[in-house]
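Here's the structure we're looking at; comments come further down.
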Amino acid sequence: MIALHKFNIFLLLALLPAIIPAWAAEAPAAKADDPPVEIIEKNPAREVGYHVGDVLSRTITLKVNDQYKLLPTSLPIPGNQKRYRNKEQGIELYASNLSESHKNGQNVYTLELSYQVFTSSIVAKPAALPPEFVKFTGNGKLFQVRIPSWNFRISPLAVYGSVNISKDMSPLRGPLLISDHRQHQVLYAAFAILGLSLLGLLYILGNHAWLPRMGGPFSKAYRQLRKARPDANKLEAAVNHLHQAFKQTCGQSVFSAEEILQIKPAFAPLADDIARFFLLSRAIFFDQAKQNVPPNPHAWLRQFARRCRDIERGMK
C-alpha cells in the first residue's frame, strides 16, 4: 500500500513538467520586471438580460510610458470565437477599434471592443467577455498585458415553463414599471378641451378685439354703453352709438326693423327688440316731453347691444 502511494507521488511529479506549460499557455502571467501598464475598463451598464444576437461593447484604456508602444499585430481580430477548454463559448468578437494619444509622458491607447452573443438556453446561464492579451515593445523589451474578462448573464428568448413573478424578483431585474402613456393622453386631451372651453368663454364674454369678429361695430357700441353712466343727458349718445353700429353693419342708414332684416337676415331673432329700439329712438329724439320713454332705458340698451354683439359674432 505504501509502495502504491509512493508510486502515485512520483507519477504526479513526473507529469508536472507537462501540466505547467499547458496551464501557462492558457493564462500567461506577467513577469515581475515588466513595465507597469495602467488598465481602465468601461464595461456595459448591466450584467443581465442579454439575448442571442445582442452586441456588448466595452472600452479599454491602456496607459504606458512613452518609451513603449503597442504592437498592432497583437490586437484581437474580429470574427474569432474564443474557446475555453476547446469548447466554443458562443461569444464572438464583432468589432475592434484602436485610437492612440500622448499625454503627460504616456502613450494612451483606447481599445473599443464589441462582442456579439451567438448562444441561447432555456434558462439564464453565465457567460463572460473573454480576456484579451496585447503586447508592448520598446526599450529592448517585449512583454504581454492581460485585459481582464467581464462576466454577465445570457437570458432565454422565451420563458421555459410557468413562472410565478412574485417569486422571481431578482434584485438585478429592477422594478416592474407600469406604462402611464394612456393616462398622459387622457390628461393632454383634457387640457386641450379646457383650453378650447376657455377660449370659447373668452370669445363669448370678451369685450376686447383679441380674436376675429370681436372688434365689430356692436362690440364697440357695447363697450361704450358699459362705460356710460345712466344719465338722462347720456341717453341720446347711447342711442346714437347703436344707430352708428346698425349703419356700419348694413352699409347704409336704416330706419326700421324690416329694412335691417332685409339686409342682415341674421338679426331675425331680435326683430321685436329692433322694433322696440326704433320706437325708443323716436321717443328720445322727437318727443319733447319724453313721455313714451320707458323707465331705466340704459339697462335695456346695454342688454340690447350685447345681444346684437352676439349676433354679430355668429352666436344665436
Side-chain angles (χ1 to χ4, degrees), residues 19-121 124-157 172-174:
I19 296 175
I20 293 176
W23 173 80
E26 181 178 344
K31 298 179 181 179
D33 59 345
D34 287 343
V37 177
E38 182 182 356
I39 302 176
I40 302 174
E41 304 176 56
K42 184 179 180 182
N43 296 310
R46 55 188 173 91
E47 300 178 357
V48 296
Y50 295 99
H51 305 278
V52 57
D54 287 347
V55 176
L56 292 81
S57 299
R58 63 188 309 208
T59 302
I60 307 298
T61 303
L62 304 170
K63 297 182 179 181
V64 67
N65 193 290
D66 57 6
Q67 297 178 355
Y68 304 96
K69 292 186 177 181
L70 178 68
L71 286 178
T73 55
S74 67
L75 294 176
I77 302 174
N80 289 343
Q81 278 205 39
K82 296 295 181 178
R83 293 175 176 267
Y84 178 71
R85 294 182 179 177
N86 204 27
K87 292 183 179 180
E88 293 184 353
Q89 298 299 300
I91 307 296
E92 180 179 304
L93 183 60
Y94 181 76
S96 174
N97 297 312
L98 178 67
S99 59
E100 179 182 355
S101 62
H102 184 272
K103 185 178 181 181
N104 297 331
Q106 287 184 317
N107 288 328
V108 181
Y109 298 94
T110 302
L111 182 59
E112 297 181 358
L113 302 174
S114 298
Y115 298 86
Q116 191 166 18
V117 179
F118 282 99
T119 183
S120 185
S121 176
K125 69 174 185 179
L129 299 183
E132 304 289 354
F133 297 90
V134 295
K135 295 181 179 180
F136 287 85
T137 183
N139 202 17
K141 289 187 176 183
L142 175 65
F143 59 95
Q144 184 172 252
V145 174
R146 180 182 185 272
I147 299 174
S149 62
W150 183 75
N151 299 325
F152 65 100
R153 296 292 184 271
I154 300 176
S155 299
L157 291 176
L172 301 176
R173 183 190 304 277

| Checking side chain to side chain contact (heavy atoms under 4.5 Å, CB included) against K63, which of I40, N104, V37 comes through? | I40
| task | Run through V55, L56, D54 and flag the one making a side chain to side chain contact (heavy atoms under 4.5 Å, CB included) with Q116. | result | V55
Could you list the residues that satisfy side chain to side chain donor-acceptor pair (under 3.5 Å) with [X], not counting sequence neighbours?
X	value
S57	S114
K125	T119
N65	none

Which atom names give the shortest non-hydrogen contact between [X] and [Y], and what distance separates them?
X	Y	answer
D34	Q144	OD2-O, 4.4 Å
I91	A128	CG1-O, 4.0 Å
S155	S120	O-OG, 4.4 Å
Y115	R58	CE1-CD, 4.0 Å

| F136 and F143 aromatic ring geometry - parallel, tilted or perpendicular at 30°/60° bounds | parallel
| task | Could I get the full list of ring-ring contact (aromatic ring centres under 6.0 Å, His included) partners for Y50, not counting sequence neighbours? | result | F152
| request: Go through the steps to decide whether L98 and T110 satisfy the test side-chain contact (heavy atoms from CB on, under 4.5 Å), and finish with yes or no. | output: CA-CA 6 Å; L98 178 67; T110 302; 5.9 Å; no
| query | Checking side-chain contact (heavy atoms from CB on, under 4.5 Å) for the pair L129/L113: CA distance, chi angles, key distance, verdict? | reply | CA-CA 10 Å; L129 299 183; L113 302 174; over 6 Å; no
| message | Going by salt bridge (Lys or Arg N to Asp or Glu O under 4.0 Å), name the residues that satisfy it together with E100, two or more places apart in sequence or in a different chain. | response | none
| message | Could you check whether any side-chain heavy atom of N151 comes within less than 4.5 Å of a side-chain heavy atom of P126, counting everything from C-beta outward? | response | no
Which pairs of donor and acceptor atoms, one on a side chain in residues 68-79, lie under 3.5 Å apart (sequence neighbours left out)?
unit_1: S74; atom_1: OG; unit_2: L71; atom_2: O; d: 2.7
unit_1: S74; atom_1: OG; unit_2: K135; atom_2: N; d: 3.0

| said: Return the CZ to CZ distance between R46 and R153, rounded to the nearest 0.5 Å. | reply: 14.0 Å
| query | Between E41 and I60, is a side-chain contact (heavy atoms from CB on, under 4.5 Å) present by the stated rule, with each step listed? | reply | CA-CA 5 Å; E41 304 176 56; I60 307 298; 4.0 Å; yes
| query | Does any N or O in the side chain of H51 come within less than 3.5 Å of the main-chain N or O of P156, such that one atom is a donor and the other an acceptor? | reply | yes
